[in-house]
Structure formats: structure tokens, C-alpha cells
J.: 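Below is a structure I'd like to ask you about.
Numbers for residues simply follow the sequence, beginning at 1.
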Amino acid sequence: MDEADAVPIADLVDERRYLLDVAYWMLGSAGEAERVVDEVYRRWYGLSDEARRQIARPRSWLAKTAGQGCLSRLAGTGQRDGGPEQECLPTTQQCLLTALDVLSPPERAAFVLGDLFGTAQEQVADIVERSGPEYAELAERARESVRTQRARQVAPREQDAVVRAVGRACREGDGELLASLLCARATAFVDGGGKVRAPDRPVHGGLQVARTLLTLLARRPRTTLSAQSVNGRTGLVVRYERRVAAVICLDVADHRVAHVWVILNPDKLRSWNLPSDPLPTGE
């Protein structure tokens with residue numbers, strides 16, 4: 001090994017774990033993930049020393065190669081093949097893997113890499129071989145499909161009760177209560193569409209998601225937060241001076257919130273702010 005090839009052991013372990021996590025969520029099988037990652041490293045060491053030195057960001061190269069390897073396997077089998085280890089997963093993870101099953105391989109890659117792991121959009125677009133606008137459409141289609149699938153996995157009464165409790169905690173600024181209503185591994189996705197300032201990567205962890213929500217929903221004059229139907233199930237709607245400023249969808253599993261989707265993009269809120277039809281005259 002060349003001295004320039006030396007990497008801290010902690011970084012090496014973290015790198016391999018990251019690749020295994022990506023491959024697992026892409027394929028749904030720990031065994032398949034191991035095989036993909038092993039192949040990634042075989043390809044890395046199959047490069048010449050000079051070729052490896054030309055790669056400015058090895059981790060990005062490894063992630064791209066892993067993503068492409070997963071896509072190839074999904075394209076060959078049609079869908080992932082979850083192993084028996086999935087039965088031992090927490091319910092929230094089982095539900096998400098089930099929701100991912102309905103996605104096409106490119107949609108699954110867009111959701112897993114972009115939304116779950118916060119990979120840069122340009123890099124994911126390169127992996128799935130889409131232009132910027134095509135990738136944006138692909139990613140949004142994947143998110144909507146996952147939200148729809150998750151909505152079918154929880155009873156309406158449970159959804160309503162949990163969402164209303166989250167709304168109360170947010171209105172009261174009660175971080176402890178809010179965190180107790182979130183899964184420990186909860187994830188929040190904030191869609192500003194590049195038109196409002198918003199986190200550009202997913203927020204992971206119940207405590208971090210709670211802090212993010214309390215910051216976004218901090219009490220201000222002329223701002224209200226209410227529970228109402230969003231895409232056919234209970235969600236939260238934020239209004240500022242009677243105009244909808246945010247729509248929040250929540251995925252519930254095991255009586256807690258697993259995923260939060262905050263829509264701040266003005267383009268996607270336009271339908272929420274259409275003027276009401278005027279009353280007919282003379283009646």
C-alpha cells in the first residue's frame with residue numbers, strides 16, 4: 001500500500017457501513033447488500049494505482065458504483081428479494097421497505113439515495129442517468145408513491161390521534177412531548193423547492209426532527225397550525241395571514257411518527273391558496 005492510500009480505520013469502517021446501508025435499503029436484503037459492496041471494492045482495487053489517484057473523492061466513486069450495482073440487480077430481478085432477516089426489523093423499517101417495493105428501480109434509487117441518505121441531487125441524477133428536471137420529477141413521483149403506500153398501512157383513527165397530538169405539542173412548544181411522539185429514527189423531509197430557505201437534506205433522529213419542527217413552527221403573530229385532511233388522511237396545515245404557508249404529511253407506525261414531509265414549496269402550495277369560487281348572483 002502506498003502511504004497516500006492510508007486511511008484512518010474509523011473512516012474505513014464508516015465508509016463500508018455507509019455503502020452497506022445504501023445497498024440494503026436499495027435491495028432489502030443484507031446478503032445482497034454484502035455482495036454488492038464486495039463487488040464495489042473488487043472494482044476499486046481492479047483499477048490501476050494511477051486511476052485511483054485520479055479519483056478526487058473515493059467515497060463518492062464507491063457510492064456511485066454501489067448505486068449502479070444495485071440498479072443492475074433490481075433491473076434483473078424486477079424487485080428486491082427481502083431475506084428472512086427482515087422479519088426481525090422494527091415495524092417502521094418493515095413498513096418503509098414494503099412501501100419501497102412498489103417503486104421502479106430508478107425511483108427507488110432516487111428515494112433511497114436522495115431522501116434517506118441526502119446524496120447530492122446531481123450525483124443521484126448521474127447514477128439514474130437522468131437530467132436535472134427529469135430527476136426532480138422522478139424523485140417527486142417516488143416520494144408521492146411512498147406517502148401513498150404508507151397511508152394505507154395505518155388505521156385512520158390512529159393517524160388522526162397521533163397527528164393531532166403532534167399539532168398540540170408544536171403549538172405549545174413542548175419539545176419533550178413532541179420527541180415522545182416521534183420514532184427514535186424518525187426522518188423529516190423539507191421541500192422548499194429552492195424557492196424558500198429550508199434544510200436541503202433530510203433530518204434524521206427523533207430529537208433532531210423535533211427541534212426542526214419546533215423551529216419551523218415557532219409561534220408567531222398571525223400564524224396558525226391546524227389538523228385537517230391532507231391527501232385523504234389527517235395532516236397539519238400552517239397558515240400565515242389566512243394563506244397556507246406549509247402542508248405537513250406524517251407517516252405513523254406503532255403509534256409514533258416515522259416520517260415527516262414538510263411542503264414549503266410555493267408552487268406545490270398554489271392549489272391550497274386558490275381563491276374560492278364566487279357565489280352565483282341572483283340566487
Side-chain angles (χ1 to χ4, degrees), residues 90-93 95-96 111 114-119 139-140 143-144 146-147 150-151 153-154 156-270 272-273:
T91 302
T92 53
Q93 293 186 32
C95 289
L96 182 54
F111 186 86
D115 286 6
L116 291 186
F117 289 93
T119 306
E140 182 55 33
R143 293 184 195 107
E144 183 58 34
V146 170
R147 284 196 292 264
R150 293 299 300 269
Q153 296 171 2
V154 62
R157 182 176 297 179
E158 179 184 345
Q159 173 81 19
D160 186 76
V162 173
V163 172
R164 290 182 184 277
V166 168
R168 286 193 297 272
C170 289
R171 281 192 294 270
E172 296 168 6
D174 191 334
E176 184 175 349
L177 173 59
L178 181 56
S180 73
L181 295 167
L182 302 173
C183 297
R185 296 185 178 181
T187 302
F189 309 95
V190 184
D191 178 8
K195 299 189 175 182
V196 297
R197 286 194 297 130
D200 59 357
R201 293 179 179 243
V203 179
H204 298 290
L207 292 176
Q208 291 82 355
V209 171
R211 284 196 289 266
T212 298
L213 285 176
L214 290 178
T215 299
L216 288 171
L217 304 177
R219 297 178 67 176
R220 292 290 187 272
R222 297 169 290 177
T223 302
T224 62
L225 174 66
S226 60
Q228 67 181 78
S229 179
V230 176
N231 295 331
R233 58 178 178 156
T234 308
L236 297 172
V237 176
V238 181
R239 287 179 172 82
Y240 179 76
E241 291 186 338
R242 307 179 90 176
R243 285 184 61 82
V244 173
V247 173
I248 304 173
C249 302
L250 302 100
D251 291 339
V252 175
D254 285 344
H255 310 290
R256 286 183 171 81
V257 175
H259 297 95
V260 181
W261 315 77
V262 183
I263 309 301
L264 299 174
N265 186 340
D267 292 341
K268 295 181 181 179
L269 297 176
R270 190 170 291 128
W272 286 83
N273 288 308

J.: Checking the side chain of R256 only, and the main-chain atoms of S180 only, is there a donor and an acceptor separated by less than 3.5 Å?
T.: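 Yes.
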J.: To the closest 0.5 Å, what do you measure between NZ (K195) and CG (L269)?
T.: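 If I round to the nearest 0.5 Å, the distance is 11.0 Å.
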J.: To check you understand the geometry: which heavy-atom pair defines the closest contact between P202 and G118, and what is its length?
T.: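 Reported closest heavy-atom pair: CD-CA, 3.6 Å.
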J.: Calculate, to the nearest 0.5 Å, the distance between atoms CG and CG belonging to L181 and D174 respectively.
T.: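 So the CG of L181 and the CG of D174 are separated by 9.0 Å.
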J.: Where do C170 and L217 come nearest, in terms of heavy atoms and distance?
T.: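 That would be SG-CD1, 3.7 Å.
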J.: Identify, with sequence neighbours excluded, every residue that meets salt bridge (Lys or Arg N to Asp or Glu O under 4.0 Å) alongside E176.
T.: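 Testing E176 for salt bridge (Lys or Arg N to Asp or Glu O under 4.0 Å), a comparison that skips the adjacent residues, returns none.
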J.: Working to the nearest 0.5 angstrom, can you tell me the gap between L177 CG and L182 CG?
T.: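 Going from the CG atom of L177 to the CG atom of L182 covers 9.5 Å.
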J.: Measure the shortest side-chain to side-chain distance between V196 and P266 over non-hydrogen atoms and say whether it is less than 4.5 angstrom.
T.: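 They are in side-chain contact.
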J.: To the nearest 0.5 Å, what is the distance between CG on L236 and CG on L213?
T.: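 The CG atom of L213 is 9.0 Å from CG of L236, to the nearest 0.5 Å.
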J.: Taking the side chain as everything from C-beta on, heavy atoms only, tell me whether V146 gets closer than 4.5 Å to W261.
T.: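 Of all side-chain heavy-atom pairs linking W261 with V146, at least one is under 4.5 Å.
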J.: Is a side-chain N or O of Q159 found less than 3.5 angstrom from the main chain of T234, in a donor-acceptor match?
T.: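 At least one qualifying donor-acceptor pair exists.
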J.: For V166 and L178, run side-chain contact (heavy atoms from CB on, under 4.5 Å): C-alpha distance rounded to whole Å, both residues' side-chain angles, the deciding distance at 0.1 Å, then the answer.
T.: CA-CA 6 Å; V166 168; L178 181 56; 3.8 Å; yes
J.: With no hydrogens and no angle check, just 3.5 Å: does a side-chain donor-acceptor pair link H259 and T187?
T.: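 Short answer, no.
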J.: Run the salt-bridge test on R270 and D267 with the 4.0 Å N-O cut-off and return the result as yes or no.
T.: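 A salt bridge is present here (some side-chain N lies under 4.0 Å from a carboxylate O).
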J.: Ignoring hydrogens, what is the shortest heavy-atom contact between G175 and A210? Give both atom names and the distance.
T.: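 The answer is O-CB, 4.5 Å.
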J.: Taking all heavy atoms of A253 and all of C183, pick out the closest pair and write down the distance.
T.: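 In terms of heavy atoms, the two residues are closest at O-SG, 4.2 Å.
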J.: Take N273 and R239 through the test side-chain contact (heavy atoms from CB on, under 4.5 Å) and record every step on the way to the result.
T.: CA-CA 10 Å; N273 288 308; R239 287 179 172 82; over 6 Å; no
J.: Could you tell me which non-hydrogen atom of A169 sits nearest to which non-hydrogen atom of L214, and how far apart they are?
T.: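 Here A169 and L214 meet closest at O-CD2, 4.2 Å.
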J.: Run the numbers on V247 and N231 for side-chain contact (heavy atoms from CB on, under 4.5 Å), then give the verdict.
T.: CA-CA 10 Å; V247 173; N231 295 331; over 6 Å; no
J.: Hey, which of V260, V163, V230, V237 is the one that makes side chain to side chain contact (heavy atoms under 4.5 Å, CB included) with I248?
T.: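 For I248, the side chain to side chain contact (heavy atoms under 4.5 Å, CB included) test succeeds with only one of V260, V163, V230, V237, which is V260.
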J.: Distance check, rounded to the nearest 0.5 Å: T224 atom OG1 versus R171 atom CZ?
T.: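 So the OG1 of T224 and the CZ of R171 are separated by 9.5 Å.
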J.: Looking at H255, I'd like to know if its NE2 atom is crowded, meaning that more than 12 non-hydrogen atoms belonging to other residues, nucleotides or ligands lie closer than 6.0 Å.
T.: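 Count not over threshold, so no.
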J.: Side chains of F189 and L116: closer than 4.5 Å at any heavy-atom pair?
T.: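 They are in contact (side-chain heavy atoms under 4.5 Å apart), so the answer is yes.
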J.: Between CG of D191 and CD of E140, what distance do you get to the nearest 0.5 Å?
T.: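 One gets 6.5 Å once the value is rounded to the nearest 0.5 Å.
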